[in-house]
Amino acid sequence: MRLIHTAAEIEAFVEETKAAGQTIAFVPTMGALHDGHLTLVDLAWQKADFVVVSIFVNPKQFGANEDFDKYPRTLNEDAKLLETKNVDALFAPSVEEIYPPEGVREQRAGVVGSTFEGASRPGHFDGVLTVVGRLFDLVQPDVAIFGAKDAQQLFMIKKLAGALYNDTEIVTAPTHREPSGLALSSRNRYLSESQKTSATALYKALKTLRQPLSLTIEAARTLIDSTPETKLDYVAVVDPEIFRPVNDDFRGKALAIVAAKVGDTRLIDNLELELTEPNR
């Protein structure tokens, strides 16, 4: 596995790979890798000849009071894990390589980017889309793999790719969960054992949602807020095509989303739903 730190070197690697007629699958991450990330790599190998993984903790997507400084950085351990998956290249750039003095193309998330996660974390999705665009420009992937857990992020990345990166297929990998139902996240390592138990309330709440939403969403809020050390940010059900809330009249495929703090750790999750008439 090649460990690459500079933009020039990843561009040379990509040029060499493309010249040989090989396709590239790309898995962008912020590191602190877990089994969920490794399933993304497994899926990447099904889609292309070469697999590139990036590890970059992106300052532009963290707010002033968020955990950028303490976000886990475990490059050596991550590299060893990726070697077991035969990854071809690990791109681990510095901030200066991603955001050089001459600047990069800034992206704007628009209206959807100001709701839910965007409402709680102003500017977050502008930062996410900007770094994804920069990484796509450097890696030029034929396929990029993203986890389903970050549903709102995935929605906007698909919009970005549709507008600017038509040659890159966006592939969604299912959320990987612990036996308790807790979605795997790099931030789970912040949780104590009791907090991990409390965190399962997010998934349990999502599984209770059905029509009539006005009643079941309220019950989900109560479930989460009554769980020790857990404070709800939002729980909602949205139309996955436009990422806007649906009401009691909606029927068909929907997406339940939730965010909450467990102790000092902010977690998100989501679950696909099929909304039908409520049982009478």
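Fair warning: this is a prediction, and the values are worked out from it, not measured in the lab.
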Salt bridge (charged side-chain N to carboxylate O under 4.0 Å, His left out) partners of residues 81-98, not counting sequence neighbours, each pair once: Asp42-Lys85
Listed pairs under 3.5 Å, donor-acceptor, residues 16-27 side chains, sequence neighbours left out:
unit_1: Thr17; atom_1: OG1; unit_2: Phe13; atom_2: O; d: 2.8
unit_1: Lys18; atom_1: NZ; unit_2: Gln140; atom_2: O; d: 2.8
unit_1: Lys18; atom_1: NZ; unit_2: Asp142; atom_2: OD1; d: 3.4
unit_1: Lys18; atom_1: NZ; unit_2: Asp142; atom_2: OD2; d: 3.2
unit_1: Gln22; atom_1: NE2; unit_2: Ala20; atom_2: O; d: 3.4
unit_1: Thr23; atom_1: OG1; unit_2: Asp49; atom_2: N; d: 3.0
unit_1: Thr23; atom_1: OG1; unit_2: Asp49; atom_2: OD2; d: 3.0

Working for side chain to side chain contact (heavy atoms under 4.5 Å, CB included), residues Leu90 and Asp78: CA-CA 10 Å; Leu90 168 54; Asp78 293 343; 5.7 Å; no
All side chain to side chain contact (heavy atoms under 4.5 Å, CB included) counterparts of Ala148, not counting sequence neighbours: Thr172, Thr175
Side-chain donor/acceptor of Ser198 to backbone N/O of Thr230, under 3.5 Å: no
Heavy-atom closest contact (Ala183 atom, Asn188 atom, distance): O-ND2, 3.0 Å
More than 12 heavy atoms from other groups under 6.0 Å of CZ on Arg189: yes
Nearest-0.5 Å distance that lies between atom CD1 in Ile55 and atom CG in Leu3: 9.0 Å
Polar side-chain atom of Ser114 near backbone of Ala119 as donor-acceptor pair, under 3.5 Å: no
Any side-chain heavy-atom pair of Pro59 and Val95 under 4.5 Å: yes
Test item: His176 side-chain N/O and Leu184 main-chain N/O as donor-acceptor pair under 3.5 Å: no
From CA spacing to verdict: side chain to side chain contact (heavy atoms under 4.5 Å, CB included), Leu255, Leu271: CA-CA 6 Å; Leu255 188 67; Leu271 186 66; over 6 Å; no
Arg73 to Phe68, cation-pi by 6.0 Å centre distance and 45° axis angle: yes
Over all atoms of both residues, closest heavy-atom pair of Ala256 and Leu209: CB-CD1, 3.6 Å
Between Glu117 and Tyr234: side-chain donor-acceptor atoms closer than 3.5 Å: yes
Which residues share a side chain to side chain contact (heavy atoms under 4.5 Å, CB included) with Leu160, sequence neighbours left out: Gln107, Leu129, Val132, Leu164, Tyr165
Ring pair (Phe, Tyr, Trp, His ring centres under 6.0 Å) contacts in which one or both residues fall within residues 80-103, not counting sequence neighbours: none
All side-chain hydrogen bond (donor to acceptor under 3.5 Å, both in side chains) counterparts of Lys159, not counting sequence neighbours: none
Salt-bridge criterion met for Arg121 and Glu66 (N-O under 4.0 Å): yes
Separation between CD of Glu229 and OG1 of Thr197, rounded to the nearest 0.5 Å: 10.5 Å
Ionic contact status for Glu218 with Arg221, cut-off 4.0 Å: yes
Residue pair Glu106, Lys60: steps toward the salt bridge (Lys or Arg N to Asp or Glu O under 4.0 Å) verdict: CA-CA 10 Å; Glu106 299 280 342; Lys60 286 184 178 289; 3.4 Å; yes
Steps toward side chain to side chain contact (heavy atoms under 4.5 Å, CB included) verdict (Thr168, Ile170): CA-CA 6 Å; Thr168 298; Ile170 306 299; 4.1 Å; yes
Candidates Arg177, Lys207, Lys204 - the one meeting salt bridge (charged side-chain N to carboxylate O under 4.0 Å, His left out) with Asp269: Arg177
Hydrophobic cluster identity match, Val237 and Leu154, side-chain contacts under 4.5 Å: no
CA sep, side-chain torsions, deciding dist, call: Arg187, Asp67, salt bridge (Lys or Arg N to Asp or Glu O under 4.0 Å): CA-CA 10 Å; Arg187 287 187 168 95; Asp67 60 343; 3.0 Å; yes
Common cluster, Leu206/Phe116, ILVMFWY with side-chain heavy-atom separation under 4.5 Å: no
Atom pair CD1 (Ile145) and CG (Leu43), whose distance is rounded to the nearest 0.5 Å: 4.5 Å
In one Ile/Leu/Val/Met/Phe/Trp/Tyr side-chain cluster, 4.5 Å: Leu138, Val104: yes
Test item: His5 side-chain N/O and Ala92 main-chain N/O as donor-acceptor pair under 3.5 Å: yes
Asp150 and Asn270: CA distance, side-chain angles, deciding distance, side chain to side chain contact (heavy atoms under 4.5 Å, CB included) verdict: CA-CA 8 Å; Asp150 298 295; Asn270 67 82; over 6 Å; no
Co-membership, hydrophobic cluster, residues Phe146 and Leu267, 4.5 Å side-chain: no
Asp167 atom CG, neighbour heavy-atom count above 12 within 6.0 Å: no
Which atom of Leu135 lies closest to which atom of Pro28, heavy atoms considered: CD1-CB, 4.3 Å
Gap separating the CD atom of Glu241 from the NZ atom of Lys253, nearest 0.5 angstrom: 10.5 Å
Polar side-chain atom of Asp233 near backbone of Ala260 as donor-acceptor pair, under 3.5 Å: no
Minimum heavy-atom distance Gly31-His37, with the two atoms named: O-CE1, 3.8 Å
Hydrophobic cluster identity match, Phe125 and Met30, side-chain contacts under 4.5 Å: no
Check: Asp225 side chain, Leu232 main-chain N or O, donor-acceptor pair, under 3.5 Å: yes
Gln152 side chain to Thr115 side chain, donor-acceptor N/O pair below 3.5 angstrom: yes
Heavy-atom closest contact (Met1 atom, Ala79 atom, distance): CE-O, 3.5 Å
Exceeds 12 heavy-atom contacts within 6.0 angstrom, atom CG of Asp248: yes
Flag side-chain contact, heavy atom, 4.5 Å: Leu213 against Leu275: yes
Backbone N/O of Phe250 and side chain of Gln211: donor-acceptor pair under 3.5 Å: yes
Heavy-atom closest contact (Val238 atom, Ile257 atom, distance): CG1-CD1, 4.1 Å
Under 3.5 Å: donor-acceptor pair, side chain of Thr6, backbone of Glu9: yes
Separation of Lys80 NZ from Asn76 CG (nearest 0.5 Å): 6.5 Å
Euclidean distance, Lys47 NZ relative to Glu169 CD, rounded to 0.5 Å: 5.5 Å
Check: Ser186 side chain, Ala32 main-chain N or O, donor-acceptor pair, under 3.5 Å: yes
Ser226 side chain to Ile224 backbone, donor-acceptor under 3.5 Å: no
